[in-house]
Amino acid sequence: MKYVILHAGGMADQPREELGGRTPLQAAATPHLDRLAQIGELGLLATAADGSRHGSGLSGTAILGYDPKKYYQGPGPFEAASLGVSVTEHDVVYRCTMVTLKPEGGQVGAEIKKLGPHVVMDDATAGLIETDEARELIEAINEQLGSETIQFYPGAGHRHVMVWVNGKPRAVCVDPQLVHGRTIADSLPTGDGADILKKLMDASYVILRDHPVNEERMAAGKKPANCVWLWGEGRAALWPSLAERFQVSGSVVTSSDVYRGVGICAGLEAPDPSTLQHGGLKARAAVALAELSRKDFVYLHAELADAVVHGTDLNANVQGIEEFDRELVGPLLEGLGKMGPYRFVVLCDHGEGRRGQAFYAFGEGTGSGAPAAGRRFTEADAQASKAPVRDATKFATKLFAKG
């Protein structure tokens, strides 16, 4: 028996007027996902108990069978694990996002004297800055602000990591996506340790505003990465191995540093990220099948491209979901069918900064009983299902049950 968790990250949404009152999933043609919904159980999924922190990586933590209240400290430690950054349980890891700030009522590039109420979050991705440019900027920041207790590490695009050795874990930080287009006045770090974080962010602006990389970006009509935004903080927690708990061998396949880190924390092997850089979703399906040819289990996570997620074109969302179904789900199911019996969970949740109920499809590749004709893998169909709301943390036990 082969086992697969397929995580459609951030593809759930609310009904949109522009789509005739449908969600992007409802508007998309997804025959392969729909088939899984028809041959298996479809329903709603509870990924976090009251009192849990919310953020990227939480649903992955839960679906792999780890209680978020105990094991989810924030997305920062996952990114550190994915990047191979060594941290102890006493260190605090922050997501270090490159953003574009501007003075309220002013233009991007106009001088900002100090981060505060008269500063606006113009772009929470710094214009989707490329990795090579971002790496040069992060290295400049680490050269001037790094110390025995503070270190900055380059990631991909606008997403990077800062480690505060023996840092204070109780600062309250805000996802920059939630501040987009608004003043940052009420969104700067607060609580224990916030003064240090704000000083680092202020200092990063001074370093980055006139950096040659940003001067070139401005000259090319691109948005400058003129500040780093610290958030997603957490301490690393030691997880019991999924392989030992369920007596299975497994891998995590994803291009997301956060979800790659989730898998690594669970003790899963992680293929070299370079194997996923070319070939798109088909390549991801091929890597997953290659891993399944020598292992029992794969946790396969995929999400829409950054340009789609952070854009405003809902039709691009629909097309991205259709591509996901066609280029990844279809080839994956075809390959699984050649391997013999398999059991699957498909998890679909809402994107960062959006709240909503996750949902799932669960079953075996051959199906059992008559398919639910006409049923689709959508939010509305899951809501209409008679299945009880499932606790995501219990699904691993259900997935790996013998017999």
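For residues 73-85, the set of pairs meeting the salt bridge (Lys or Arg N to Asp or Glu O under 4.0 Å) definition, not counting sequence neighbours, comprises E79-R95. For residues 36-45, the pairs satisfying salt bridge (Lys or Arg N to Asp or Glu O under 4.0 Å) are E41-R390, with sequence neighbours left out. Annotation: salt bridge (Lys or Arg N to Asp or Glu O under 4.0 Å) contacts involving residues 248-276, sequence neighbours excluded, comprise E269-K295. Judged as a ring pair (Phe, Tyr, Trp, His ring centres under 6.0 Å), the pairs with a partner in residues 77-104 (not counting sequence neighbours) are, in order, Y72-F78, F78-W239. Among residues at least two apart or in separate chains, there is no ring pair (Phe, Tyr, Trp, His ring centres under 6.0 Å) pair with a member in residues 98-126. Contacts classified as side-chain hydrogen bond (donor to acceptor under 3.5 Å, both in side chains) and involving residues 322-341 (residues at least two apart or in different chains) are not found.
Annotation: side chain of F152 is not in contact with side chain of V163 (no heavy-atom distance under 4.5 Å). Looking only at side-chain heavy atoms (C-beta outward), P240 and Y66 come within less than 4.5 Å of each other. Side-chain contact between V87 and P77: absent, with no pair of heavy atoms (C-beta onward) separated by less than 4.5 Å. Contact annotation: the side chain of L268 approaches that of F297 to within less than 4.5 Å [non-hydrogen atoms, C-beta and beyond]. A 4.5 Å side-chain heavy-atom check between L242 and F400 finds at least one atom pair inside the cut-off. Under the 4.5 Å side-chain criterion, counting only non-hydrogen atoms from C-beta, V252 is not in contact with V262. By the 4.5 Å heavy-atom criterion applied to side chains, L19 and P24 are counted as neighbours. Inter-residue side-chain proximity for L137 and I129 is flagged as met; some heavy-atom pair is nearer than 4.5 Å.
Within the model, atoms CG of L58 and CG of D349 stand 9.5 Å from one another, a figure rounded to the nearest 0.5 Å. Between the CG atom of L25 and the SG atom of C348 there is a distance of 5.0 Å, given to the nearest 0.5 Å. For the atom pair M218 CE and D210 CG, the distance stands at 10.0 Å (nearest 0.5 Å). To the nearest 0.5 Å, atoms CD (Q26) and CD (E379) are separated by 6.0 Å. To the nearest 0.5 angstrom, N166 atom CG is 11.5 Å from E148 atom CD. Going from atom OG of S204 over to atom CG of L230 covers 7.5 Å, rounded to the nearest 0.5 Å.
Residues meeting the ring-ring contact (aromatic ring centres under 6.0 Å, His included) test with F359, sequence neighbours left out: F377. Contacts of F362 classified as ring-ring contact (aromatic ring centres under 6.0 Å, His included), with partners at least two apart in sequence or in another chain: F395. Scored by the salt bridge (Lys or Arg N to Asp or Glu O under 4.0 Å) test, R22 finds no partners at all (sequence neighbours excluded). Partners of K2 according to the salt bridge (Lys or Arg N to Asp or Glu O under 4.0 Å) rule, which considers only residues two or more places apart in sequence or in another chain, do not exist here. For K113, there are no salt bridge (Lys or Arg N to Asp or Glu O under 4.0 Å) partners, not counting sequence neighbours. Legend: residues meeting salt bridge (Lys or Arg N to Asp or Glu O under 4.0 Å) with K168, ordered by chain and number and at least two apart, are D192.
For E18, the CD atom is densely surrounded, since the number of other residues' heavy atoms within 6.0 Å is greater than 12. Surrounding NZ of K282 are at most 12 heavy atoms belonging to other residues, nucleotides or ligands under 6.0 Å away. Within a 6.0 Å sphere centred on CD of E139, other residues, nucleotides and ligands contribute more than 12 heavy atoms. Within 6.0 Å of atom CG in D132, 12 or fewer heavy atoms from other residues, nucleotides or ligands are found, so the atom counts as exposed in its surroundings.
A donor-acceptor pair under 3.5 Å is formed between the side chain of R217 and the backbone N or O of A126. Side-chain N or O atoms of N214 include none that pairs as donor or acceptor with a backbone N or O of P224 at under 3.5 Å. Panel note: side chain S249, backbone D296; a donor-acceptor pair is recorded below 3.5 Å. Side-chain N or O atoms of H160 include one that pairs as donor or acceptor with a backbone N or O of G155 at under 3.5 Å.
Aromatic rings of Y259 and H7 (six-membered ring for Trp) have centroids within the 6.0 Å cut-off, being under it. Y3 and Y342 have their aromatic ring centers separated by at least 6.0 angstrom.
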Working note: D202 + K114, criterion side-chain contact (heavy atoms from CB on, under 4.5 Å); need CA distance, chi angles, decisive distance, verdict.
CA-CA 7 Å; D202 264 316; K114 185 176 178 62; 3.5 Å; yes

The test is side-chain contact (heavy atoms from CB on, under 4.5 Å); show your working for V161 and C96 and say whether it passes.
CA-CA 5 Å; V161 165; C96 177; 5.6 Å; no

Start with the C-alpha distance between K198 and L115, add both sets of side-chain angles, then the distance that settles side-chain contact (heavy atoms from CB on, under 4.5 Å), and finish with yes or no.
CA-CA 8 Å; K198 286 188 284 189; L115 303 191; over 6 Å; no

I would like to know whether V298 and L289 meet side-chain contact (heavy atoms from CB on, under 4.5 Å); could you show each step before the answer?
CA-CA 9 Å; V298 159; L289 289 168; over 6 Å; no

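Residues Q14 and H350 approach most closely at NE2-NE2, 3.6 Å, considering heavy atoms. Between P68 and A62, the shortest heavy-atom contact is CG-CB, 4.0 Å.
Between T23 and D13, the side chains place no donor N or O within less than 3.5 Å of an acceptor N or O (distance only, hydrogens not considered). Between the side chains of W231 and T97, at least one donor N or O sits under 3.5 Å from an acceptor N or O. Side-chain atoms of D122 and T100 include no donor-acceptor pair closer than 3.5 Å.
A salt bridge is defined here as a Lys NZ or Arg NE, NH1 or NH2 lying under 4.0 Å from an Asp or Glu carboxylate O, and D381 with R375 fails to meet this definition.
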